[in-house]
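For reference, the structure discussed in these notes is given below.
The basis for the numbers below is simple: all heavy atoms, side chains too, and nothing from hydrogens, waters or symmetry mates. Keep in mind the model is a prediction, meaning the values are calculated, not measured. Every chain is numbered from 1 and lettered A, B, ... according to where its sequence line falls, protein lines coming before strand lines.
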Protein chains: 2
Amino acid sequence: MSTVPKSAPEPTLSDVAALAGVSRAIASRALSAQPRPVSADKRERVMRAAETLGFRPNSLARGLANKSVNLVAILVNHIHDLSDLDLFDLLLTEIQAIGKQVIFIRVGAGEDAERFLRDGVAYHVDAALVFADFADAATMRTMFRNNAVLMLNGHHDAGAASVTMDEAKGIGEAVADAAAKGVRSAMLLTGRMMSLVEQARVASYRAALQAHGIELLAELAGDYSYASGRQLARQIDVDTTGAVFCTSDAMAMGVLDAHRQHFPDHRPARFRLYGFDNISLTQFDAYPISSIGADRKEYVAQIVRILNDPAGLASGGGHVLVATRYVPRLTG
Amino acid sequence: MSTVPKSAPEPTLSDVAALAGVSRAIASRALSAQPRPVSADKRERVMRAAETLGFRPNSLARGLANKSVNLVAILVNHIHDLSDLDLFDLLLTEIQAIGKQVIFIRVGAGEDAERFLRDGVAYHVDAALVFADFADAATMRTMFRNNAVLMLNGHHDAGAASVTMDEAKGIGEAVADAAAKGVRSAMLLTGRMMSLVEQARVASYRAALQAHGIELLAELAGDYSYASGRQLARQIDVDTTGAVFCTSDAMAMGVLDAHRQHFPDHRPARFRLYGFDNISLTQFDAYPISSIGADRKEYVAQIVRILNDPAGLASGGGHVLVATRYVPRLTG
DNA sequence: CTGTTAGCGCTTTCAT
DNA sequence: ATGAAAGCGCTAACAG
């Protein structure tokens with residue numbers, strides 16, 4: 001197929017060994033990241049030879065021998081929620097910082113993820129970060145060759161590590177805030193209900209609202225998007241609704257736009273409005289939406305910590321919870 | 001290192017061959033994607049054996065033998081511009097659709113990209129899509145093992161294919177629109193000037209403004225972000241400025257927020273405002289910003305087309321231009 | 001059409 | 001500490 005005119009035929013370990021006047025084994029050891037027994041002078045010669053040749057280890061070959069490629073897969077439904085921007089850039093940075101590269105897999109609704117993965121390099125990653133909401137841990141373990149699966153979609157399982165946001169806390173704070181401001185009734189705009197995270201989120205809202213004696217007038221099913229919030233907002237009766245809780249900031253933005261006239265100077269004149277995820281867009285003047293979110297730095301740090309402990313990861317490591325908190329802004 | 005308790009030792013091609021009662025070569029051919037000479041019945045037996053064993057080809061091994069891994073790298077400075085959301089989800093989808101997987105590389109300002117790439121799988125990708133703005137084609141060719149580099153950052157070179165947006169066209173239309181509305185003076189808010197794309201963009205604005213006899217009052221250096229637009233907006237003298245052109249929609253959003261009072265009902269009462277990229281956020285009510293952009297579907301289609309022609313790619317394939325156009329909204 | 005034989009580039013016993 | 005040799009799993013000549 002690829003009859004590419006290769007200018008210089010890549011130097012291999014053998015070339016380095018030859019130039020250094022040592023065996024391939026020595027060259028391999030000298031170049032290894034882990035400490036391996038090699039005499040100082042030979043190590044030196046190997047390093048020098050590698051340098052002059054411009055040697056680049058072939059990580060595929062290394063992976064084949066090692067069964068480890070310093071590659072992690074990130075499995076997502078898609079990347080177009082506004083909250084993705086805030087997360088993935090940081091995640092990518094931190095994963096690269098520990099010397100691993102990232103292969104992004106977009107599985108949409110999960111249709112043919114299995115087939116797609118089967119013949120790809122992704123199947124051989126050292127670890128898989130699962131954000132896609134359809135997937136349970138057992139399926140993921142068979143989908144990827146190894147057991148090193150980190151569940152980030154709310155699916156729990158003794159065999160897989162997980163990092164989950166403790167959303168009940170932030171939700172409790174937000175609802176308490178509303179209650180303290182005299183809210184007696186509320187509506188809830190929800191997202192993709194097939195997601196376990198979303199189910200837990202909704203349950204938390206119900207519980208918190210009940211605990212504070214706030215009547216839940218209705219739950220409207222959206223899809224996290226601005227458009228769905230904009231659309232569902234029509235069903236809000238501003239005369240009877242004390243607060244609108246949305247399970248995404250984007251939906252809250254839609255609601256806000258639909259009811260601008262009730263938010264003079266962005267401050268609620270009729271109902272209070274709460275979003276979710278605390279995306280950076282809520283810092284834009286036009287959408288000063290009170291929200292709920294975790295410290296992303298900490299969330300990512302936990303993920304990376306687990307990634308760095310392959311033994312723990314593979315053995316089903318820990319299940320860690322990251323706290324969320326209520327972040328008041330103008331609309332709440 | 002990874003002493004993972006592997007339940008079942010992955011079946012290999014040898015196992016399949018054994019169970020099917022054929023040689024490994026036959027098994028390999030039967031399982032190959034390309035048509036290879038194998039008798040119908042043996043092929044059948046191999047397929048059945050592979051099926052019952054749950055055989056998954058090891059793509060690392062295949063890659064080692066083949067020198068091709070069906071993997072493409074996407075090199076970016078970062079992923080946090082709003083326009084990234086609109087692009088990468090689509091790009092990922094389409095690349096996966098042609099059976100390739102994507103490894104994302106975030107190089108920040110380009111500090112140690114070389115070192116980082118050196119020992120990663122990314123070095124062995126079949127092709128590299130370069131969005132990062134610091135990189136010239138020659139550097140990229142040595143950075144990745146092969147010549148299959150596709151430049152998307154405005155850097156041209158006889159040795160590498162490229163897809164570039166023909167921004168002059170859209171910019172010309174936008175400026176013409178302003179001129180037609182009586183605009184006689186304007187300010188320009190720019191982004192990262194080390195980017196070739198940005199330099200061309202700014203040059204296009206200068207040329208178009210001059211051509212239409214619009215006086216360029218000042219160029220203010222921002223960084224594409226909302227915050228920078230919000231900040232620089234203070235320097236706009238609404239009494240003398242007929243229009244503000246921004247080289248990103250996010251900056252225009254910042255300007256809009258800074259001067260809300262001059263846009264009653266989002267319509268310009270003082271100066272006209274133009275963004276760039278035509279991001280989906282400009283469809284939100286609060287930011288109805290007139291913008292300039294290309295058809296993303298076509299842009300991505302061109303990229304994928306080139307990706308699918310490895311011969312052309314490696315030999316420095318074509319340089320294709322994708323048209324942009326002016327997209328009027330309320331602020332223009 | 002089929003099986004045998006070499007590798008792809010690297011790591012790792014295992015003797016020395 | 002060192003080198004020879006045996007793989008990792010697969011594909012590609014090359015004879016039959």
Task: Test: A/Asp41 and A/Arg45 ion pair at under 4.0 Å - done: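 Looking at A/Arg45 together with A/Asp41, the answer is yes, because their closest N to O distance falls below 4.0 Å.
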Open item on the list: If the threshold is 4.0 Å, N to carboxylate O, is there a salt bridge linking A/Glu114 and B/Arg56?
Closed with: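 Answer for the salt bridge query: yes.
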How many whole angstroms separate atom [atom1] of [X] from atom [atom2] of [N]?
{"X": "B/Tyr123", "N": "C/dC10", "atom1": "OH", "atom2": "C1'", "value": "15 Å"}
{"X": "A/Lys42", "N": "D/dT2", "atom1": "NZ", "atom2": "C1'", "value": "6 Å"}
{"X": "A/Leu13", "N": "C/dT12", "atom1": "CG", "atom2": "C1'", "value": "13 Å"}
{"X": "B/Glu10", "N": "D/dC10", "atom1": "CD", "atom2": "C1'", "value": "15 Å"}
{"X": "A/His124", "N": "D/dC8", "atom1": "NE2", "atom2": "C1'", "value": "12 Å"}
{"X": "B/Leu60", "N": "C/dC10", "atom1": "CG", "atom2": "C1'", "value": "12 Å"}
{"X": "B/Arg36", "N": "C/dG3", "atom1": "CZ", "atom2": "P", "value": "17 Å"}
{"X": "A/Gln34", "N": "C/dC10", "atom1": "CD", "atom2": "P", "value": "16 Å"}

Open item on the list: For A/His319 and A/His156, take the angle between the two ring planes, folded into 0 to 90°, and tell me which bin it lands in: parallel under 30, tilted 30 to 60, perpendicular over 60.
Closed with: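 Judged by the thresholds at 30° and 60°, the geometry between A/His319 and A/His156 is parallel.
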- [ ] Work out how much the helix from C/dC1-D/dG16 to C/dT16-D/dA1 bends between its end axes, five pairs an end, to the nearest 10 degrees.
- [x]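 End-to-end axis angle for the helix from C/dC1-D/dG16 to C/dT16-D/dA1: 40°, rounded to 10°.
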So, do [X] and [Y] sit near enough that their side-chain heavy atoms are less than 4.5 Å apart?
{"X": "A/Val320", "Y": "A/Ile306", "value": "yes"}
{"X": "B/Val102", "Y": "B/Leu91", "value": "no"}
{"X": "A/Leu196", "Y": "A/Asp133", "value": "no"}
{"X": "A/Ile79", "Y": "A/Arg106", "value": "no"}

TODO: Give a yes/no answer on whether the side chain of A/Ser39 brings an N or O atom under 4.0 Å of OP1 or OP2 in D/dT2.
DONE: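 Result: yes.
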Open item on the list: Can you tell me if B/Arg56 touches the phosphate of D/dG9, counting only side-chain N or O atoms and a distance under 4.0 Å to OP1 or OP2?
Closed with: no
Task: Which residues share a side chain to side chain contact (heavy atoms under 4.5 Å, CB included) with B/Ile98, sequence neighbours left out - done: B/Lys100, B/Val304, B/Leu307, B/Asn308
Task: Selection from D/dG3, D/dC10, C/dC10 that lies nearest to any side-chain heavy atom of A/Arg62 - done: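 Per side-chain heavy atoms of A/Arg62, the pick is C/dC10.
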Between the protein and nucleotides 4-8 of chain C, are there any N/O to N/O pairs under 3.5 Å, and if so, what are the atom names and distances?
unit_1: C/dC8; atom_1: O3'; unit_2: B/Lys67; atom_2: NZ; d: 3.4
unit_1: C/dC8; atom_1: O2; unit_2: B/Ala65; atom_2: N; d: 3.4

TODO: Verify whether the ring centers belonging to B/Phe104 and B/Phe88 lie closer than 6.0 Å.
DONE: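 B/Phe104 vs B/Phe88: aromatic centres under 6.0 Å.
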